[in-house]
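One structure is given below, encoded as structure tokens.
As a basis for the values below, the full set of heavy atoms in this structure was taken, side chains included, without hydrogen atoms, waters or symmetry mates.
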Amino acid sequence: MHRSWFRTKLVEKREQVTSKVKEGVKQRAKSLVPTQLTKKPESMDKCMVCGKSLKRSTAISGDGRVCSPACAHAWVRDLK
């Protein structure tokens, strides 16, 4: 067998493996992309004291969100 034939086969195999690895990487990357968050109800995006719109957060949701320390103090005063 001629040396160039071996080189050709080696390059073909390397390209096969490279494309297989690239496809695996693409699939993993696609699976790691988070799905778009669904729109939350309006009550979850507002301060519970003054009604000001709040930035969405993936860590905190639901009632009990306030926009500022002043609103937090007002909320505590209303609890008493």
Side-chain angles (χ1 to χ4, degrees):
M1 300 264 160
H2 195 267
R3 190 169 155 184
S4 64
W5 183 84
F6 284 117
R7 285 184 182 167
T8 304
K9 289 297 179 185
L10 180 65
V11 169
E12 288 174 2
K13 189 65 172 176
R14 187 179 307 148
E15 288 174 359
Q16 276 182 336
V17 170
T18 302
S19 65
K20 191 174 184 179
V21 169
K22 283 182 182 178
E23 286 300 316
V25 169
K26 284 180 189 177
Q27 291 297 329
R28 275 194 305 264
K30 285 180 183 179
S31 70
L32 292 175
V33 173
T35 58
Q36 185 175 3
L37 298 174
T38 58
K39 188 170 181 173
K40 296 179 182 178
E42 292 298 321
S43 64
M44 292 184 179
D45 293 331
K46 295 187 179 206
C47 174
M48 58 187 252
V49 176
C50 66
K52 179 179 174 184
S53 295
L54 298 173
K55 185 190 284 188
R56 290 188 178 179
S57 173
T58 57
I60 303 169
S61 63
D63 291 336
R65 293 185 67 194
V66 292
C67 62
S68 66
C71 282
H73 288 294
W75 179 66
V76 169
R77 278 193 299 269
D78 289 341
L79 288 177
K80 292 179 181 179

Quick one: [atom1] on [X] to [atom2] on [Y], what's the gap to the nearest 0.5 Å?
X: T8; Y: E12; atom1: OG1; atom2: CD; result: 6.5 Å
X: K22; Y: E15; atom1: NZ; atom2: CD; result: 9.5 Å
X: K52; Y: C71; atom1: NZ; atom2: SG; result: 8.0 Å

**For L54 against R65, the heavy-atom pair lying closest together** =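 The answer is CD1-CB, 3.6 Å.
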inquiry  = Apply salt bridge (Lys or Arg N to Asp or Glu O under 4.0 Å) to residues E23 and K26 and explain how you reach the verdict.
reply    = CA-CA 5 Å; E23 286 300 316; K26 284 180 189 177; 3.7 Å; yes
Should V66 and V76 be counted in the same cluster of Ile, Leu, Val, Met, Phe, Trp and Tyr side chains packed under 4.5 Å apart?
->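 Yes: a chain of side-chain contacts under 4.5 Å links V66 to V76.
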